[in-house]
Amino acid sequence: MLAAQGLLRRPAKKATKQDVLRAVRRMGALQIDTIHVVARSPYFVLWSRLGDYEPRWLEELLAEGKLFEYWSHEACFLPAEDYALYRHRMLDAESQGWHYSRRWVEAHREEIERLLAHIRERGAVRSADFARTDGKAGGWWEWKTEKRALEMLLTAGELMIARRVNFQRVYDLRERVLPTWHDGQLPAVEEARRGLALKAVRALGVAKARWVADYFRTDKRQTLETVSALAREGALLTTEVEDWDAPALFHPENRRLVREAARGGLVPELTTLLSPFDPLVWDRARAREAFGFDYRLECYTPAPKRRYGYFTLPVLRRGALVGRLDAKAHRKDGVFEVKSIHLEQGVTAGDELVKDVAAAIRECAGWHRTPEVVVRRSEPKTLAARIAKAVNRR
């Protein structure tokens, strides 16, 4: 799984823009989130795999049409070649839950038509281009009419994200962003299901059947049926994994990796910090079953009830999820603050672990251009001082 996700070891050479595209294609989806106490999640997920790279490359790939944005696991950057697999979701926009409301669209048809006419005549727009006129404050559930209309039209596939400016979405007509597409290219629904199931298993490296649906948020029952059919046909292969309660699935393209894993040839070397929205941990049940790591993001939990912190980053060390770290990058001050770090129960804070984790923190801080590292608290309590000392040791 680590090898398939690009988390076995760092690339031998400094990352290029093509490496960013390859990483997104390997994962199949790069989840978008706007929280930026450290780097925003999509940039952070790429750093976890590639090390130091230029974040602007991700937005350049979007503007160049190598990637597109749509609802997958959640809102995601997706490989452009996978557009056909998601087109059915757009044509059945109501299947996307709260992202689309036919009732709202019908009630605001006049405003929507005006908005589309504006984009046709004047070009791409941002939500910020429209002044609020209803007197309400902003907020997640108080979007202005134009913002909500833009999102509805995006979900329905009439608009696409042409590019991002300062991480703000720039919306344009689908035919201008993706001029080569026409719905005569649309695959059958079952073909799209099969395509997404195959990509999910390939991205996971090795998987239980029940994990597959969550990866691209496909229907659980249908995905289980699709996966079973693919396994019967030999389009997916199976093997046994020690202590697993079900056969393991893998994609034929990962046959070599599976063989290497079976003979002990895949040796995890990487120690890094992960985004809460990293594909390795975004499925809580899978992270618990595969790694014995029970992870819950607490930024939506009231502060007094948080156990670990606002935006804790899982710590991956040489194939094991050994702890979680609550950090904040104070960019103006050049300080990377580790508010707390907690090791998992049963993990021993030996010298080698301290050295590895400190190196990962130092590398992360350097990428954020916040070279001064401060470590506040830890569990065990003596760990903070040891990591701080190791971080600052050159």
Side-chain angles (χ1 to χ4, degrees), residues 2 5-10 35-41 43-53 267-278 280-281 287 291-299 301 303 306-394:
L2 293 167
Q5 281 284 318
L7 287 166
L8 205 65
R9 61 182 63 87
R10 280 274 191 263
I35 297 173
H36 61 287
V37 291
V38 288
R40 288 185 175 94
S41 182
Y43 305 110
F44 202 97
V45 169
L46 292 167
W47 170 81
S48 297
R49 288 153 175 77
L50 302 175
D52 192 18
Y53 77 101
V267 180
E269 299 173 4
L270 181 62
T271 299
T272 192
L273 309 179
L274 303 178
S275 162
F277 306 109
D278 194 290
L280 196 72
V281 295
F291 293 94
F293 187 73
D294 193 359
Y295 180 71
R296 181 172 181 269
L297 181 60
E298 296 182 314
C299 63
T301 302
R306 291 178 194 143
R307 181 178 177 187
Y308 298 110
Y310 175 75
F311 198 72
T312 52
L313 310 174
V315 180
L316 175 68
R317 180 189 181 247
R318 301 178 184 266
L321 290 166
V322 298
R324 57 201 87 198
L325 180 153
D326 188 30
K328 181 175 177 61
H330 300 273
R331 296 166 181 83
K332 290 183 179 179
D333 300 324
V335 175
F336 192 84
E337 179 187 15
V338 178
K339 296 182 177 182
S340 67
I341 180 168
H342 291 77
L343 294 185
E344 292 297 283
Q345 187 174 1
V347 173
T348 302
D351 290 343
E352 288 302 310
L353 179 141
V354 169
K355 180 181 176 182
D356 287 348
V357 173
I361 293 171
R362 185 166 57 242
E363 183 184 13
C364 188
W367 179 62
H368 279 86
R369 309 296 186 260
T370 52
E372 182 183 347
V373 177
V374 177
V375 185
R376 304 290 186 197
R377 297 183 297 108
S378 66
E379 185 59 47
K381 291 181 172 54
T382 58
L383 181 63
R386 293 173 65 200
I387 285 182
K389 183 178 179 180
V391 165
N392 293 304
R393 184 184 297 138
R394 291 288 186 262

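Residue numbers start at 1 and run along the sequence shown.
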Rounded to the nearest 0.5 Å, how far does CD of E352 lie from CZ of R317?
7.0 Å
Short side-chain to backbone donor-acceptor contact, Y295 and T312, under 3.5 Å
yes
Interatomic spacing from CD1 in I387 to CD1 in I361 - rounded to 0.5 Å
5.0 Å
Measure the CD1-OG distance between I341 and S378 for me, rounded to the nearest 0.5 Å.
7.5 Å
Output the distance between atom CG (L50) and atom OH (Y43), rounded to the nearest 0.5 Å.
14.0 Å
Tell me the closest heavy-atom pair linking A390 and V354, and the distance in Å.
CB-CG1, 4.0 Å
Row check, W47 ring normal vs R10 NZ/CZ: under 6.0 Å, within 45°
yes
Side-chain touch L321/L274, heavy atoms, less than 4.5 angstrom:
yes
With under 30° as parallel and over 60° as perpendicular, where do the rings of F44 and W367 fit, or are they tilted in between?
perpendicular
Salt-bridge contact R306-E298 (side-chain N to carboxylate O under 4.0 Å)
no
Taking atom CZ of R376 and atom CD of E337, what is their separation to the nearest 0.5 Å?
4.5 Å
D351 atom CG: more than 12 heavy-atom contacts under 6.0 Å:
no
Side chain proximity check, D294 to R296, heavy atoms < 4.5 angstrom:
no
Heavy-atom closest pair, residues D278 and R49:
OD2-NH1, 2.7 Å
